[in-house]
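Below is one structure, written out as structure tokens, with a few remarks after it.
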Amino acid sequence: MDHSTTLPTELLISELQSFGARLSDPTAGAQSRRGGAGPSDHKALTIDGMTVMVPVHTAPAFQSPYLVEQPDALGTSRIRRDGRVVGEVAFPLRPRFYDRTTADGIPYSHIATLHGRDVLATTVLQTCIRYQSRTRTCQFCAIGQSLAAGRTIAHKTPAQLAEVARAAVELDGVRHMVMTTGTPKGDDRGAAVLADSARAVKAAVDLPIQAQCEPPEDDAWFERLRDAGVDALGLHLEAVTPQVRARIMPGKAQVPLDKYMSAFAAAVPVFGRGQVSTYILAGLGDTRDAILDMCARLVALGVYPFVVPFVPISGTPLESHPTPSPAFMDSILAPLARMLVESGLKAVDIKAGCGKCGACSALSTYERRLAP
Ligand code: SF4
């Protein structure tokens, strides 16, 4: 099936991620994500072979110049910009594991969800020490919203995660798993619960796993995570300058940038070059140069910087914050992709996780253009 576009794919993806899209048929494709940790209020769309997350429930999306038409019998939809057809997209189907429930009656979709095309994603602890008060919470995060709305459970046990992971591999062919967590009390900052979860999943099914947490106080956790079955690690900066960090995430900014840099340096020898990554949200105030300078430092350490456009989530303090323009994203992603390809740190070589999935950014599409 040809899902080619009349715009360069990376530009169409950047525009869709900045502006969002209106849907003629909001029920088409898999259920969209609302609330939760990380990017939300999105729907997965496949464009030119790439599955990307496109905002559909955000304030900008309701004003978007992009309209995705009703899918045809083959599941293909035309996409229009200001009325003109600019390409075709397909909606990944609703995963089959969503129809199952655990023996004690919990829907599998409350334990883990499908991200992009083939990623199983879970937030092991749906609570966070940073989420207790609005003065400490990360301003972009909605980790408590899906819990409050009854779409997930507060703590997914290792046995539940193993059960759902096995089904998602067998029924839907998922190829890797992302385990993130709200930050609990304690110096391990979530590493202990992630290690227990990874051990259980690996005992049930052969599935590459990325774990994501704040840097644990003790670097020995990196070996413990690897020994438990974690293949790749995400330590997410979100913002790269102390000023923006303090404004956007006053609680998490108490862990200084130096701690992140020393954790990256300690984690890369454990997991390997390119298997440690970070998530950087562009559009929250860091300049292009500040982001690219940080990316250069990270790449020199062997860390993959996954730069994504900030997308506001309804109900968070930043719900009215604008998204970055496609031109701003292009000014970062084009040189970053060159830096990554030249350094041999490519999304396709990551074993598991957000950088490998790539659905929240056009970065891997830029990489593919340079090194098909
Ligand atoms: S990039 Fe990460 S957060 Fe985004 S869809 Fe993929 S796994 Fe989920």
Side-chain angles (χ1 to χ4, degrees), residues 10 13-14 16-18 20 29-47 49-58 91-92 95 109 111-124 126 138 140-143 146 152 161 164-165 168 172 174-182 194 201 207-213 230-238 275-283 304-313 323 329 333 336 340 346-348 350-368:
E10 64 276 13
I13 293 172
S14 276
L16 284 169
Q17 291 187 324
S18 289
Q31 198 180 326
S32 48
R33 294 191 65 221
R34 305 195 71 161
S40 193
D41 293 8
H42 289 55
K43 196 149 200 151
L45 300 176
T46 301
I47 304 169
M50 279 290 299
T51 299
V52 293
M53 300 302 274
V54 173
V56 295
H57 294 304
T58 60
F91 291 92
S109 62
I111 294 165
T113 55
L114 187 75
H115 278 203
R117 179 177 34 197
D118 55 10
V119 188
L120 184 66
T122 186
T123 302
V124 179
Q126 201 79 29
C138 300
F140 48 79
C141 182
I143 192 170
S146 45
T152 186
L161 291 168
V164 175
D172 297 287
V174 307
R175 295 163 73 114
H176 53 122
M177 181 166 188
V178 170
M179 282 182 184
T180 191
T181 183
L194 290 169
V201 168
L207 184 63
I209 296 170
Q210 185 205 33
Q212 304 177 346
C213 59
V230 170
D231 300 277
L233 181 71
L235 304 171
H236 292 179
L237 286 167
E238 329 282 6
Q275 304 305 333
V276 178
S277 59
T278 194
Y279 208 98
I280 295 173
L281 294 163
Y304 183 91
F306 187 48
V307 178
V308 309
F310 166 71
V311 176
I313 301 174
T323 52
M329 291 310 299
L333 298 182
L336 175 56
L340 289 167
K346 291 193 304 198
V348 287
I350 302 175
K351 293 177 187 165
C354 287
K356 182 179 187 66
C357 164
C360 288
S361 170
L363 179 56
S364 58
T365 314
Y366 280 81
E367 287 174 35
R368 243 184 5 167

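Note: hydrogens, waters and symmetry copies are ignored here, and every other heavy atom, side chains too, is used. All ligand and atom numbering here is 1-based and tracks the order in the structure.
Against a heavy-atom cut-off of under 4.0 Å, Cys354 is close to the following atoms of ligand 1: 1 (S), 2 (Fe), 3 (S), 7 (S). Short contacts between ligand 1 and Phe306, defined as distances under 4.0 Å to a heavy atom of the residue, involve ligand atoms 1 (S). Ligand 1 places these atoms under 4.0 Å from at least one heavy atom of Met53: 5 (S).
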Criterion side chain to side chain contact (heavy atoms under 4.5 Å, CB included) on Glu238 and Phe140, from CA distance to verdict: CA-CA 10 Å; Glu238 329 282 6; Phe140 48 79; 3.9 Å; yes

Atom pairs and distances, side-chain donor-acceptor, residues 358-367, under 3.5 Å, sequence neighbours left out:
unit_1, atom_1, unit_2, atom_2, d
Ser361, OG, Val307, O, 2.7
Ser361, OG, Leu363, N, 3.0
Tyr366, OH, Asp330, OD1, 2.6
Glu367, OE1, Ala347, N, 2.8
Glu367, OE2, Tyr304, OH, 2.6

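Shown here are the salt bridge (charged side-chain N to carboxylate O under 4.0 Å, His left out) partners of Asp172, two or more places apart in sequence or in another chain: there are none.
Considering NE2 of His176 and CG of Asp231, their distance stands at 11.0 Å, rounded to 0.5 Å.
Not one N, O or S atom of His115 sits under 2.8 Å from atom 6 (Fe) of ligand 1.
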